Amino acid sequence: MTTRTLPLSVVVLAAGRGTRMKSRLPKVLQLLAGKPLLGHVLDLSATIEADQTVIVYGHGGDAVKSTFTDSALKWAEQADQLGTGHAVQQAMPQIADDHRVLILCGDVPLLTTATVERLLTETPDDAVGVLTVKAPDPAGYGRIVRDASGNVTAIVEQKDAMPEQIAIDEINSGVFVVPAAPLKQWLDQLKPQNAQGEYYLTDIVGLAVEHGVVVHGVMGDDMEEISGINDRVQLAEAECAFQRRAVHALMLDGVQVADPHRVDIRGNVTCGQDVFLDVNTVLTGDVTLGDGVHIGPNCVITDSEIGAETELFPNCVVEQSRIGAHCLIGPYARLRPANELADRTKVGNFVELKKSQIGEGSKVNHLTYVGDSIVGRDVNIGAGTITCNYDGANKHQTIINDGAFIGSGVELVAPVEVGAGATIGAGSTIAKSAPSEQLTLERARQRSIEGWTRPVKNKR
Ligand code: UD1
Ligand code: CA
């Protein structure tokens with residue numbers, strides 16, 4: 001960030017109804033890459049290190065406010081949506097006269113820090129700056145009217161435009177930077193005398209010019225960045241654009257993806273060197289992947305950390321878990337929240353883990369449920385073993401100490417502890433703690449009945 005001479009307030013316009021979404025949710029709460037649209041705009045205002053951020057809210061206000069609980073955020077209610085100028089006016093009582101005001105829209109989530117910084121640095125402190133772009137199809141946007149020296153003299157809405165103005169292809173992005181003191185005066189002078197009967201923010205341009213203040217049109221080069229979201233088609237398009245950017249950033253950071261169109265990033269992903277993501281990887285929340293991690297097809301990883309050289313085979317679901325280095329997970333493993341797997345563990349096919357620690361080198365390879373458990377090092381848990389952690393009212397812990405061997409099909413009825421080096425015979429239901437180094441088994445004696453014959457089907 002370049003050093004600023006004046007403090008900066010950000011005003012985010014977020015009072016619009018969003019009728020075209022046809023949703024119960026207010027528009028700015030619709031999710032893009034797993035985060036509300038408004039959240040993306042607030043991230044931007046955080047990266048440019050604004051001194052304060054005031055959100056103008058209206059429709060669905062309580063839902064919007066309760067989604068963004070950061071106490072540093074300021075709120076201004078716009079009870080009736082009388083236009084963009086009226087919206088900004090609602091925020092002004094909270095903004096000191098010596099601030100510069102950056103106006104953003106809550107439904108324009110792809111705007112980049114670099115573009116906003118350009119607008120802020122290319123606009124002198126005492127001037128007005130508006131971010132514009134040359135639109136291949138300018139329909140619906142306000143048109144930028146410039147004079148012979150290139151200064152902006154007016155912004156004309158499509159509905160109010162003369163035919164020669166309709167032909168202008170430079171459009172208003174809706175992003176402005178304006179000194180606070182004159183902005184307050186100009187907003188007070190707005191009149192709703194236009195085709196839509198609204199208080200247009202864009203009319204401050206004419207007022208600035210009247211008062212001898214220069215209006216700089218800073219032209220961005222990317223229509224996508226300034227596109228607003230009005231309906232679900234645009235939301236899906238923005239999602240594609242967001243994903244393309246996020247995946248490109250990962251690739252340029254050294255991550256190999258099998259197909260950039262088939263990886264979804266819905267959060268903050270940190271990757272080491274030579275990470276590989278196969279098709280249909282979905283990474284949500286805060287995900288950290290160590291060097292050489294290999295994620296097989298169709299894995300969904302949420303708020304988790306995976307250590308170096310660990311491999312996830314296809315179709316694993318990992319949530320709020322920490323997996324060590326050199327582990328082999330899946331295919332079809334499900335890690336529910338709060339697991340900690342040490343290095344070199346193996347979790348195999350159709351295994352479900354919940355709130356469990358698995359020690360170094362231990363194996364849980366087939367068709368098993370381990371919940372609320374502490375498993376030591378070099379433990380082998382046989383196929384079909386279940387920790388019975390729930391008695392219908394409470395959850396209980398299972399402790400399996402180092403080097404234990406649990407045969408196949410064992411039920412461990414918690415609370416229960418298996419000693420170090422113990423062996424549990426296959427098919428046992430273990431409800432009492434099993435001592436170290438011994439074989440414990442609980443199994444009805446096998447018998448065979450001589451002379452027994454199979455029933456035969458009755459004749460009709
Ligand atoms: C506005 C601009 C237009 C520009 C376009 C860019 C005006 C008069 N026109 O048009 O020049 O090309 O944005 O997308 O400013 N909002 C409120 N309260 C209101 C009205 C709007 O909070 O009373 C918010 C909306 O939620 C939205 C933003 O302001 O986030 C822009 O409003 P919108 O109705 O989309 O403006 P446009 O008519 O598209
Ligand atoms: Ca719009």
Side-chain angles (χ1 to χ4, degrees), residues 10-21 23 25-30 32 36-42 44-45 54-61 64 75-92 102-111 128 130-135 137-145 152 154-161 165-166 168-176 178 183 186-187 190-207 215 217 219-220 223-231 234-235 238:
V10 171
V11 173
V12 183
L13 303 186
R17 257 176 221 91
T19 324
R20 282 179 277 166
M21 281 288 167
S23 171
L25 274 186
K27 178 163 75 174
V28 291
L29 294 187
Q30 299 289 339
L32 175 78
L37 293 177
L38 180 54
H40 291 272
V41 180
L42 295 179
L44 173 66
S45 118
V54 187
I55 302 165
V56 180
Y57 70 99
H59 192 73
V64 178
W75 298 87
E77 186 176 9
Q78 187 195 26
D80 296 309
Q81 276 81 65
L82 304 180
T84 48
H86 181 258
V88 174
Q89 202 173 25
Q90 309 313 305
M92 296 315 290
L102 173 69
I103 299 163
L104 303 174
C105 293
D107 58 357
V108 180
L110 296 177
L111 192 61
V128 173
V130 53
L131 178 65
T132 74
V133 71
K134 290 254 188 205
D137 175 15
Y141 289 96
R143 306 299 205 278
I144 300 290
V145 181
V152 178
I155 299 176
V156 185
E157 292 306 296
Q158 165 117 7
K159 286 178 179 153
D160 304 298
Q165 293 169 330
I166 296 265
I168 297 171
D169 64 351
E170 184 181 10
I171 57 117
N172 168 28
S173 69
V175 179
F176 289 83
V178 193
L183 176 60
W186 300 331
L187 290 171
L190 294 180
K191 295 192 181 67
Q193 282 155 7
N194 49 56
Q196 302 185 80
E198 288 181 1
Y199 296 89
Y200 285 172
L201 174 63
T202 45
D203 286 349
I204 66 164
V205 171
L207 291 165
V215 181
M219 206 189 294
M223 190 62 204
E224 179 183 279
E225 253 194 67
I226 64 108
S227 294
I229 312 282
N230 297 303
D231 58 34
Q234 291 168 339
L235 182 58

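Indexing begins at 1, ligand by ligand and atom by atom, following the structure's order. Quantities reported herein were computed from a predicted structural model and do not represent experimental measurements.
- Of all non-hydrogen atoms in Val128 and Trp186, the two that sit nearest each other are CG2-CZ3, 3.6 Å.
- Taken to the nearest 0.5 Å, the CD1 atom of Ile103 stands 6.5 Å off from the CG atom of Leu13.
- At least one N/O-N/O distance between Glu157 and ligand 1 falls below 3.5 Å.
- Within ligand 1, the atoms closer than 4.0 Å to a non-hydrogen atom of Cys105 are 28 (C), 30 (O), numbered from 1 in the order shown.
- No donor-acceptor pair under 3.5 Å is formed between the side chain of Gln234 and the backbone N or O of Ile229.
- Under the 4.5 Å side-chain criterion, counting only non-hydrogen atoms from C-beta, Glu77 is in contact with Tyr57.
- Once rounded to the nearest 0.5 Å, the distance linking CG of Leu104 with CZ of Phe176 reads 11.5 Å.
- Taking a cut-off of under 4.0 Å to the non-hydrogen atoms of Leu13, the atoms of ligand 1 that pass are 22 (O), 24 (C), 29 (O), 30 (O).
- Rounding to the nearest 0.5 Å places CG of Leu201 at 13.0 Å from NE2 of His86.
- Shown here for Ala91 and Ala76, the closest heavy-atom pair between the two residues is CA-CB, 3.9 Å.
- For ligand 1, the polar-atom distance check finds an N/O of Gly142 within less than 3.5 Å of one of the ligand's N/O atoms.
- Of all the heavy atoms of Leu82, the ones lying under 4.0 Å from any atom of ligand 1 belong exclusively to the backbone.
- Between Gln196 and ligand 1, not a single N/O pair is under 3.5 Å apart.
- Below 4.0 Å from some heavy atom of Ser173 lie the following atoms of ligand 1, by number and element: 6 (C).
- Close approach of ligand 1 to Gln81 (heavy-atom distance below 4.0 Å) involves ligand atoms 18 (N), 19 (C), 23 (O).
- Taking only nitrogen or oxygen atoms, main chain and side chain alike, Thr84 reaches within less than 3.5 Å of ligand 1.
- With ligand atoms numbered from 1 in the order given, ligand 1 contributes 27 (C), 30 (O) to contacts under 4.0 Å with heavy atoms of Asp107.
- Of the possible donor and acceptor atoms, none in the side chain of Asp107 sits under 3.5 Å from a partner among the backbone N and O of Gly228.
- With a 4.0 Å cut-off on non-hydrogen atoms, Ala87 touches ligand 1 through its side chain and not its backbone.
- Evaluated by nearest non-hydrogen atom to atom 23 (O) of ligand 1, the leading choice among Gly83, Gly174, Gly85 is Gly83.
- Residue contacts with ligand 1 do not include His86, since none of its heavy atoms lies under 4.0 Å from the ligand.
- Residue Tyr141 approaches ligand 1 through these ligand atoms, each under 4.0 Å from one of its heavy atoms: 6 (C), 12 (O), 14 (O).
- Checking Asp160, Leu201, Asn172, Ile204 against atom 2 (C) of ligand 1, the nearest heavy atom belongs to Asn172.
- Ligand 1 has an N or O atom lying under 3.5 Å from an N or O atom of Ala15, backbone or side chain.
- In this structure, the separation between CG on Leu38 and CD1 on Ile55 is 5.0 Å, given to the nearest 0.5 Å.
- The CG atom of Leu110 sits 6.0 Å away from atom CD of Glu224, with the distance rounded to the nearest 0.5 Å.
- Using a 4.0 Å heavy-atom cutoff, Val56 is absent from the residues neighbouring ligand 1.
- Rounded to the nearest 0.5 Å, atoms CE (Met219) and OG (Ser173) are 12.0 Å apart.
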